[in-house]
Amino acid sequence: MADLSRIGDRDRLRPKVGDEPHWQRLRAGCYLGFRPSRKGGKGTWFARAYGEAGKYLRKPLGDYGALTGNEVFTQARKDAEAWAEQVESGGIRAEKVETVADACRSYLKEKPGLIAEGVFRRHVFDDPIANVRVDKLRRHHLAAWRKRLENAPALITRNKGGETRTKSRARSTVNRDMVPLRAALGRILVPGPPNTDAAWQEALKPLKGADKRRDIYLDRAERKRLLESVDDEAGPFLRSMCLLPLRPGTLAALKAADFDKRTSTLTIGKDKNGKPRQIAIPANIAEFLTQQTKGKLPAAPIFQRATGSAWNKDAWKLPVKEAVKKAKLPSGVSAYTLRHCVLTDLVNGGLPVLTVAQISGTSVAMIEKHYGHLVGSAAADALAGLAL
C-alpha cells in the first residue's frame, strides 16, 4: 500500500483502472484512500470502513482544496477515522446516499418526525440544494440555501377563500428550520476544516440571541377572563392549554385512546422531541378529559372542532385572537403564551426542573434557559428564610 502521508510519494501515484483509489490502512477496518486527478488537479480523498453488515462502506472526502502540504493528509486522516467510528457504531448504514435529498430521506427513515419532514418538504426537496451531490457539497451551497430560507416568508394564515397571509421569517424560526438539515448532513458528513469552503457546517451555525424568552405572562385571573371570552367551539381546546404544559400541536394531535381514565394517565405519542411518553393526570384534569372523550371512538381527537376534525394552527389562531381582544389582553398573547404561563407556574411552584422538562416534552437545558431565572429567585427566597 502507498504511504499517503508523503507528499512526494503521493504526487508520483497514477490513476488506477476504474478510478479505484490508492488505499492506506490506518488501523483494522479503517482505510484512507487517494485518487489522483486525471486532469492534473489535486485529487480526491476517500474513507473506507468495515460496517455492521459485514462489508466495507466508502465515503468521498473531497479534495481539501484550501489546505496545502502535510495539512491535507492530517485533515483527511482525521475525517476518515471520525467517519469510521460512526460506521463501526452503527450510525452509518449501507445505503445509497448521493444527494442532499437522499441524505434527508435517509435521515427520516432513521429518525422519523413531523418537524423534520415538514422542513424538508417546504425548504429542501424543491430547492436547488436537493440535487447537490453530498461529496461535492461545500459551504457556499449551504450559505446560498440559508439565504433563500431567511428570505422565504413565514405563513400566518391560509383561509378557505384562498387568501394567504405571511410575514418575514423570524431569526428564531430560521434557527429551528436549519436543525433538521444540519442533523441529516451531520449523520453522513464529518465537519470540514474550519474557515474553508469544505466547512459545510459553518454555513448552518445558529444565529446568536435569536431565541429570546417569552415575556408575556397572564396571571390566573387573566387566563380565566380569556376562557370566558372564547367561543364554545374553541373553549375546551383553549382550556386544555391552561391545564397542561404541552405544545398546542401536541394537544391537537391527542386521540381519545391516549387518555386512560382507569389509571388517570395520558400518553403523548406525537411531540416535537419525537419520543412517546406517559404522564399522570390529577383528578380535576382527569375529570375534564373524561368529559371530552365521552362517547368518542378511540381514534377520534380528544379536542374536536364542530366539524369533527382536529384543531390545527390555522384553525385556532382566529378564535384565540378574538378572545384576546374581547378579554382586553395584550395583543401579543397567543396559544403558546398559555404554555409559557403553565411552565412558569410549575417552576415557580417548586417542581424540579427535570420533572417539568419530562412532562412538557422539552429538554432540561431549554427549561433552564427560559425559566432558570425563576429557579434563581426561588433559591434566593429559600436562602433568605435561613436568616437567624
Next on the checklist: Quick check: is Ile268 connected to Leu354 through a chain of hydrophobic side chains (ILVMFWY, heavy atoms under 4.5 Å apart)?
Outcome noted: yes
Item to check | Option among His141, Arg138, His140 that satisfies the side chain to side chain donor-acceptor pair (under 3.5 Å) test with Asp197 | outcome: His140
Checklist entry - Parallel, tilted or perpendicular: which fits the ring planes of Tyr64 and Trp45, with parallel below 30° and perpendicular above 60°? => result perpendicular
Checklist entry - How about Arg225 and Leu218: do any of their side-chain heavy atoms sit closer than 4.5 Å? => result no
Item to check | Under-4.0 Å salt bridge between Arg12 and Asp9 | outcome: yes
Checklist entry - Under the side-chain contact (heavy atoms from CB on, under 4.5 Å) criterion, do Ile359 and Leu346 qualify, and how do the steps go? => result CA-CA 11 Å; Ile359 64 176; Leu346 291 177; 3.9 Å; yes
Checklist entry - Would you say Leu57 and Trp83 make side-chain contact, with heavy atoms under 4.5 Å? => result yes
Item to check | Shortest non-hydrogen contact from Leu343 toward Ser360 | outcome: CD2-CB, 3.7 Å
Checklist entry - Below 4.5 Å, heavy atoms only, C-beta onward: do Phe73 and Arg6 meet side chain to side chain? => result no
Checklist entry - Is there a chain of hydrophobic side chains (I, L, V, M, F, W, Y, each step under 4.5 Å between heavy atoms) that links Leu338 to Leu318? => result no
Next on the checklist: Quick check: do Ser229 and Lys328 have side-chain heavy atoms less than 4.5 Å from each other?
Outcome noted: no
Next on the checklist: I want to check something: taking the side chain as every heavy atom from C-beta on, are Lys205 and Gln201 in contact at a cut-off of under 4.5 Å?
Outcome noted: no
Checklist entry - Think Arg105 forms a cation-pi with Phe125, using NZ or CZ under 6.0 Å from the six-ring centre and within 45 degrees of its axis? => result yes
Item to check | Reported OG1-to-CG distance for the pair Thr44 and Asp19, which is rounded to 0.5 angstrom | outcome: 9.0 Å
Next on the checklist: Is there a side-chain contact between Glu202 and Asn195 in this structure, where contact means two heavy atoms from C-beta onward sitting under 4.5 Å apart?
Outcome noted: yes
Item to check | Path from Ile216 to Met241 over hydrophobic side-chain contacts below 4.5 Å | outcome: yes
Next on the checklist: By the definition side chain to side chain contact (heavy atoms under 4.5 Å, CB included), identify the one residue from Gln24, Arg25, Arg58 that meets it with Tyr31.
Outcome noted: Arg25
Checklist entry - Measuring from Phe34:CZ to Leu61:CG, what's the distance to the nearest 0.5 Å? => result 12.0 Å
Next on the checklist: Students often mix this up, so state it plainly: with edges at 30° and 60°, are the rings of Tyr107 and Phe120 parallel, tilted or perpendicular?
Outcome noted: perpendicular
Checklist entry - Step by step, would you call Ile129 with Val124 a side-chain contact (heavy atoms from CB on, under 4.5 Å)? => result CA-CA 7 Å; Ile129 194 74; Val124 176; 4.2 Å; yes
Item to check | Note, Leu13 side chain near Leu4 side chain (heavy atom, < 4.5 Å) | outcome: yes
Checklist entry - Do Val134 and Leu108 share a hydrophobic cluster (ILVMFWY, side-chain heavy atoms under 4.5 Å, transitive)? => result yes
Checklist entry - Do Asp102 and Thr99 have a side chain donor and acceptor closer than 3.5 Å? => result yes
Checklist entry - What distance do Arg277 atom CZ and Gln358 atom CD have between them, rounded to the nearest 0.5 Å? => result 9.5 Å
Checklist outcome for this item: residues 187-206 vs ring-ring contact (aromatic ring centres under 6.0 Å, His included), sequence neighbours excluded, gives none
Item to check | Nearest-0.5 Å distance that lies between atom CZ in Arg14 and atom NE2 in His22 | outcome: 9.0 Å
Checklist entry - Taking side chain as C-beta onward, heavy atoms only, is Trp145 less than 4.5 Å from Leu181? => result yes
Checklist entry - So, the side chain of Glu222 versus the backbone of Asp219: is there a donor-acceptor pair under 3.5 Å, distance only? => result yes
Checklist entry - When rounded to the nearest 0.5 angstrom, what distance separates CD in Glu81 from CD in Glu88? => result 10.0 Å
